[in-house]
Every structure is written in C-alpha cells, then in structure tokens.
Amino acid sequence: MILNFNEIKKEDVLIAGGKGANLGEMTSAKINVPRGFVITADAYRDFLKENSIDIFIENEIKKSRNDEKALLNAADDFRTKIKSGKFPTLLENAIREKYFNLGDNVRVAVRSSATAEDLPDASFAGQQETYLNVRGLDDVLEKVRSCYASLWGNRAVSYRLHQGYGQSSVSIAVIIQEMVESEKAGVLFTVNPVSKKENEMQINASYGLGESVVSGRVTADSYIVDKNGEIIEVAIGSKETQIIYGEKNTVEVKVDDNDRKKRALNDTEISELIKSGLKIEKHYKMPMDIEWAIKDDEVYILQARAITTLKNSVGDIDLNTLANKYTKGKKINKSTREVMSFFLEKMPFAHRALDFDYLAAINDQKVNILLEGGIVLPRNPIIDDDGIQTFSDAGKRINKNIFKFFKILKSMKDFNGCYHKCKDFMKIYESKIEKIKHLNFENMTLEEYKNFMEESYILLQKLAYDRFKYALFPSVLNDKKFTKIIKKVNANYSSFDFYWNLDNKTSVVTNDIYEMACEIRKNESLKRAVISGESYKILYENYDDFRDITNKFMRDNGFKSDYNCYCLSAKTFIEDPDRLINILRPILNTDENSDEIKQGKDFSKLMIRLKEIYGNKYQDIEKQIEYFRYFHVVREESQYIWETLFYYVRQCVKRINYILLGSEDYEVGIANLFHKELLEVMNRGSLNESDKEKINRRNEKFPLAIKVWDASKLLIFETNGDVLKGVSGSAGIAAGKVCIINSPKEFYKMQKGDILVCHLTDPEWTPLFKLASAVVADTGAALSHAAIVAREFNIPAVLGVGFATTKYKDGDMIQVDGNKGVVRGL
C-alpha cells in the first residue's frame, strides 16, 4: 500500500503513477531527491472499497451511459463521498508511521500521481491536485482524500470521456514528499527548447519555492548554458514576487528591489545545476525537464520528466523528412516482404551498430547456405556507416554453384542424416556454453575480453549455420509433405499440429511457470503478495517457498530473453526477474482449475489415428514425424544457447566499455561501433579520435535510425482498406473486441473473450492466450511464438499484418479469419 521512494523504479507507473515512478527512479540512481513515500494506487482502490464507493462509482458510470452531463453530476457525488470517506485502519496507521519517520510534524508536499500508463502527466496538466506546506497527520490525510477526489474533477472526467478512455481504467497514487524551504528554485531543460541545440541547457530561476516559476506567476531569470559549464546568455527576469511558507499552506510576498535587479543564481549554483542535469539526462538517456530547488548551497531535484515540447529534429531538419529519403522509391519484392514480415518479429526496433552485427551473425547464415547452392540473396536488412538500418531492394540471382543445388537439397531432405548432425552439434555447443559459464568477466585483461568477443562471434555464426541447415531448413522443405499426411486425420490440420505436447523450450518455460503458480497457490499470503505486484526482490527475501521455486526456475530457464535476436538490448529473467511477476499475476488471478494449459490436444491419440489410416506405411511415417518434432526442439534449444551466450557477451561489453570509457553504459558507448571496429580498438588498447567521432555521430543519428526503421516497415506490410492481410498462424474464425497490449505491464487490461492485438509475443505472454478468443500480431509467421501457442490453445491467429496496433484501438470490433490470414474491421 505504501512504498518509500527507494523501493520504486520508473517502470512502476501503474503502482506509483508517473511522478512517483520518476521520483523513485531518481532516488535509486542516487540523485538528490528530498525524502518521501508513495501511497500506491492499490491504497486508493482499498480506500474506495472500504467506503463502498467503488460499487457506487461503477453503478453510476453504467447509468450515465457516457452522457457527459449525467457523468459530471455523478462525479460531483463521487468527490463528496471520497472527501468524507474513512481510511482503512491499516492504511491510516501505515501513513502515520511513514509520515512521522520523515520527522515531527514535518512540512510536506502532497501530490497526485496519475497511474494510467498511456496517459502521460502532460495530458493531465492541472487535472489532479498538489498541496504544499502540509503539516500534521490530519492535514496530510485530508489532502490525500482531496487528491483522490481530484481524479473525478470535471476537467479530468471530460478529458477521459472525449479521449475515449474508460472512466474506471485510471487510478491514482499520492506522493508525500518532504518540502525544501528553498531560497531559489526553478526548472532546467537539458536541451535548449527554443533552438533545439543538444549541447545547450536552459535554466529558469527565481526566489523562494519553485511553484512561482512552474505556475508562471513570475518572470524568472533565464540562463542559456552549454554542457561544459559556459554561460552563453543571461536574461534577468523581473521576479516580482516569491512564494514562501505561511502558517498554513503557502503565501506570495514581494521581492526586494535590489534582489529583483540581480541574477538569482551565481556561477557555482549554475555549475551544480548543470552537473545535476547531465546526470539525470544520462540516466534517462533522453532530454529532460527538471524541477529543482536550492537550500544552503545544496541542489535538490523535485521532479523530472521527458521534454514533450521538443519536435523530432536533428538540427532544424525534421526527422520524418530525413527518414523518407532513405526509403523513397524503394520497391521490395514479394518474396522478400514475406520473409521480412516474420523477421520483424525478431527485430521490432532499430539496433545499435554492434548489436546489428550480432544479429547479422545469425541472419546471414541463411544467405550463406543458399549461396552454397547457387542462389544469391541480398543481405537483409542493411546498415550504413551512420548506423541507419533499412531493407535492400535488390532481387535474387543465381551463380555457378546452382549445379550443386540439388545435391544440397537432397542432403537437407535426408532426415536421418540431419538428425544425427543435430545430435552431434547440440552436444558440442552445450559443452562450449558450459565452459563460458565458468569464466570470470570481472577480472579479465583487455586482451582476454578481445579474445572472447572474437570467439563468441564465431561460435554464434557456427551455431546459427548448423541450426538453419540441419534443423530449420529440413523442416521447412518437408512442410507440405507432413501437411498432406496429417490432413487425412483432419482437413483443418497442418504440419504444425505434429508439435502437440512437444517439450520444446517455449513449452517448457510456460509449463514451469504454471507449476510455479500451482505452488504459489498453496501459500495464501505469498499468492496475495504476488497478485498485489510486490517486487521479485521483496518476495525472494521474505518467502522461503518462493525462493526455492524461483531458484529452480532460474537454473532451468534463467537465460530466456525478452528479445532473442538482440544481443545487447535484451534482458534475461536473471537480469530482470520482475518479468516473472508480470507473468504470474494474470495466472494467479484466473480460476485455479485453469492452471492446466493444454486444450485437449493429445499427440498419442493423433498417432493412433495415423496408424489406423496408413497401416503398413505407418512405421516409416512415425520415424519421420519423430525427426520432424526433434528438429523443432533443436530450433528452440539452439536459440536458448545463443540467448545464454548473449548474456555473457553483455557482461563482457560492460567491462570493455568501463575500461575504455570509464562507464558500464555501453549503449551510448562502444555499442555504437561495429564488431570489427571494436576488435581494432581493443588491439590498440584505446579509443582514437576517429573511434570517438563514430560513437558520437552514431549516437546523434540514433533517433533518425529509429525513424528510418519505422518507415522501412511500411515497405514490408501492405494494407487494403479496412482489411489487414497477413499470414495464418492458427486456423479458425472469431469476432470480438480489440484489446491492445503493448507490454506485459498492460496484461491487466485483458478480459475473457477479447481479441489480443499486439506487436509480437514471447513465452511471457502465454497466460493471455487463455483469455483471448483470437490473436492478431503486427509481426510474425507460422513458426512464431504467437502461432505455436495459438494452435496449442485452439484459437485463430493472424500474424505479420504490419500495423494492427496503430490501426485499431481498445474496444474496436474486428473479425479474425485464421483460415485466410486476414483481419477485418466490423
């Protein structure tokens, strides 16, 4: 119900709201934020429940039927009931304890913090309340109730209605933060908001509390400074008044004439503010709008948020205009589009240069295998020296190796030969990865790091080559044969139905998570803690049974990543264990009897039916099916091997970045060098001016790289009126209400019968397939996670449609035709 700032991260928007999440993030980053705590959104919901206001609100919203006048009248009643409500005893005691921990009747600010992830604070400007100079427990509790009531202010209710957001979908957290009796305060922009120059900052400053600057009540001083500390321009503001503490709340008083005419900030204070601004910008990796205060020569940070007023620009050139120059006139052929629509599931976001090379180490092996047989395909995607990625529009051709094509084809159709190849190479790669696990990446020399970067890259190339040549290609080449075999059982089946009940890595992770859920249900206290969104760290420290089951899960599945084809940008369960909590929460919220995830598909019965149909031919068919299933296991297990390898590459790259640049933040450092360039740097032992120029240039161009990649997707996907065309991932037809899920933090939105519309899925998303009546994904193909799981749950899926997540919105009615691979608006 209540969390100290140091227990909150920027991802905790749904718990602490946007402001609260940022204050927690900065506290964890050792930024000088005044002490405080957050009364979470769960506490607000508990308060409503305690006073039976939640049922009253729900009934009145239903009655109003989106009639604005009726809704505003009802909101008036909501505010009245909330302001006179009583806090649950446990919550009131907790607030009392936390408040007095800050000091005896200490002055605090009580701030609303809206929790809807898709409604940024900027959208809520002025809609919820902030109270300053609040003293004493009774006053704190009164102001918390007023913050709760402000969620139902007329402006907030109207805004949600006209923007199409459900009135009950937002909640509110409340920040209680120690006030700084500042002598000077104001705001700092880490990028000049007027000229858009990224090497300049703007500081606005006045006397007293920062409210006078933030609210625009005074004309503050304006300072333009560069990030090296030089003052470029000073405009003295009139600073007519200042806000200071009064007996109750705050009061506005006149500023002395002499103080009005001189600078509010001296050089030392400006220097300290620049340091704070740079630290915050570096931490968030984006331009920031920062509220600050100075007392007794110490800088305090009161709030920080992304600058929302900056246009997408590099210098004065619009990014969209620049991006279009990279894609203008390109025509991608049909076969490339089909391949790339699946590929985009693996690469939804632009890569940094080094990350791109690790992707290419995998992806280029398909091209190399086809090249052996005389088919020359363009390497796709492509990247330039600025780190900008897009697709090649070059077509395929043949060379003299075409005479070897049928020999290679025959070898890849030899299931017995490929089976033994897979058995052999899987042992080799598993052995190599076990050795890597015993390396100590904290105490290597630069020479040893260089050797690992070389060897790991070659290992990845070999693994990908063997995986494609002896497991994936044979499966694809024989797909039609197996589809023909299984259609004798059921005309709606395809070759993918031979994967029923198969213990591939995706199924193993999913099954293990459901087993965890079963164990957690045995401990009611633990179950409640997980459902409430308690952090993995707290659960691990406080519950022995949770520690035991997660230790086992991490041993078996800890290297599973969120994005398996990103080497540097991915995170494993080991690195981000709170992902597990996101998965477990919706499972534990469903009926206990639904923990059995299989949907009545019995592979043994399928094989009995095939035996009846094929008679004497069955024995040979059975062996071929066994190979076919094994190749799918190899596909998944080999991917897990490189995900494990990527984890250790990240540890290595962190240390290299630290040696070369004094920081482990490789994303803005050596991740901007290509693999070959990095090896050259490590041979020399240091970065030269050319290396630094490349890093800086590619960093500056990365916002453009993101835009170009988004524009490149338009080359791959096609839309036709209100019909989106994709590929069938799972057969069947369903109609229903759209529920767009952008990340696991939005899993809570999903209701039984909704159609899941998303960019892509991975094992983390499997619980949603229980609730969904169908699945639509922007990317993917018949071997995607979404397709495999949708078939497992027997629901239609259409994948690779391109832009369903932007074309539709929550609540839209659509039809998903998994037979034809199309989605229609209804």
Side-chain angles (χ1 to χ4, degrees), residues 3-10 16-38 98-99 101-103 105-113 121 130-135 140 174-190 201-215 218 220-221 223 225 229 239 242-245 249-250 263-284 288-307:
L3 295 171
N4 291 327
F5 288 167
N6 61 7
E7 297 173 294
I8 300 166
K9 291 287 177 65
K10 66 176 182 292
K19 294 187 185 79
N22 267 342
L23 289 169
E25 180 72 11
M26 289 190 291
T27 301
S28 298
K30 305 288 188 268
I31 290 159
N32 194 21
V33 172
R35 296 178 307 154
F37 58 91
V38 174
K98 292 285 187 186
Y99 174 64
N101 280 346
L102 294 177
N105 272 7
V106 67
R107 299 175 195 266
V108 292
V110 180
R111 301 177 186 271
S112 304
S113 187
D121 282 343
T130 288
Y131 301 93
L132 304 177
N133 196 27
V134 179
R135 293 186 79 181
V140 167
V174 178
I175 298 160
I176 310 293
Q177 185 177 24
E178 186 178 10
M179 293 252 337
V180 175
E181 192 172 4
S182 55
E183 298 132 19
K184 302 162 186 183
V187 295
L188 181 155
F189 294 86
T190 63
M201 294 182 170
Q202 183 183 45
I203 304 169
N204 292 337
S206 193
Y207 300 111
L209 304 180
E211 193 69 4
S212 57
V213 179
V214 176
S215 64
V218 301
D221 288 353
Y223 307 81
V225 297
K239 305 184 290 286
Q242 62 177 315
I243 294 173
I244 60 171
Y245 289 160
N249 299 320
T250 56
R263 276 170 42 179
L265 297 175
N266 60 42
D267 288 359
T268 304
E269 291 164 337
I270 289 171
S271 177
E272 287 304 309
L273 283 168
I274 293 170
K275 283 181 195 171
S276 297
L278 287 171
K279 184 176 182 181
I280 293 167
E281 187 182 58
K282 183 179 179 183
H283 180 77
Y284 280 92
M288 299 296 287
D289 169 359
I290 299 161
E291 292 177 31
W292 55 269
I294 294 175
K295 181 186 180 185
D296 298 329
D297 298 325
E298 189 171 0
V299 173
Y300 294 87
I301 302 301
L302 310 179
Q303 188 51 264
R305 62 185 71 82
I307 300 176

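What you see below is based on every heavy atom in this structure, not just the backbone, and it leaves out hydrogens, waters and symmetry mates. A quick note: this is a predicted structure, and the numbers were derived from the prediction, not measured.
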Peer 1: Counting only N and O atoms by type, is there a donor-acceptor contact under 3.5 Å from the side chain of Gln177 to the main-chain atoms of Val108?
Peer 2: no
Peer 1: Checking Ser271 side chain against Asp267 main chain: does a donor-acceptor pair fall under 3.5 Å?
Peer 2: no
Peer 1: For the pair Ser182 (side chain) and Ile294 (backbone), establish whether a donor and an acceptor sit closer than 3.5 Å, ignoring hydrogens and angles.
Peer 2: no
Peer 1: Between Glu178 and Arg35, does at least one N-O distance fall below 4.0 Å, as a salt bridge requires?
Peer 2: yes
Peer 1: Determine whether Tyr99 and Val106 make a side-chain contact, defined as any pair of heavy atoms from C-beta on separated by less than 4.5 Å.
Peer 2: yes
Peer 1: Check whether more than 12 heavy atoms from other residues, nucleotides or ligands sit under 6.0 Å from atom NZ of Lys9, and answer yes or no.
Peer 2: no
Peer 1: Is a donor on one side and an acceptor on the other found under 3.5 Å between the side chain of Trp292 and the backbone of Val187?
Peer 2: yes
Peer 1: Is there a donor-acceptor contact under 3.5 Å linking the side chains of Asp221 and Tyr223?
Peer 2: yes
Peer 1: Look at the side chain of Lys184 and the backbone N and O of Ala264, then say whether any donor-acceptor pair between them is shorter than 3.5 Å.
Peer 2: yes
Peer 1: Taking the side chain as C-beta and beyond, is there a heavy-atom pair between Val110 and Val174 under 4.5 Å?
Peer 2: yes
Peer 1: Backbone N or O of Glu269 within a donor-acceptor pair of the Glu272 side chain at under 3.5 Å?
Peer 2: no
Peer 1: I'd like to know if the side chain of Asn266 and the backbone of Thr268 have a donor-acceptor N/O pair within less than 3.5 Å.
Peer 2: yes
Peer 1: Whether Glu181 and Arg107 form a salt bridge (side-chain N of Lys/Arg under 4.0 Å from carboxylate O of Asp/Glu) is what I want to check.
Peer 2: no
Peer 1: Do Tyr284 and Arg305 touch side chain to side chain, with heavy atoms closer than 4.5 Å?
Peer 2: no
Peer 1: Might you point out which heavy atoms bring Leu209 and Met179 nearest each other, and give the distance in Å?
Peer 2: CD1-CE, 3.9 Å
Peer 1: Is it the case that the side chain of Ser206 and the backbone of Lys239 share a donor-acceptor pair, with hydrogens and angles ignored and the cut-off at 3.5 Å?
Peer 2: no
Peer 1: Indicate the atoms forming the closest heavy-atom contact of Thr130 with Ser112, along with that distance.
Peer 2: OG1-N, 4.4 Å
Peer 1: Would you find a donor on one side and an acceptor on the other, under 3.5 Å apart, between the side chain of Thr190 and the backbone of Glu281?
Peer 2: no
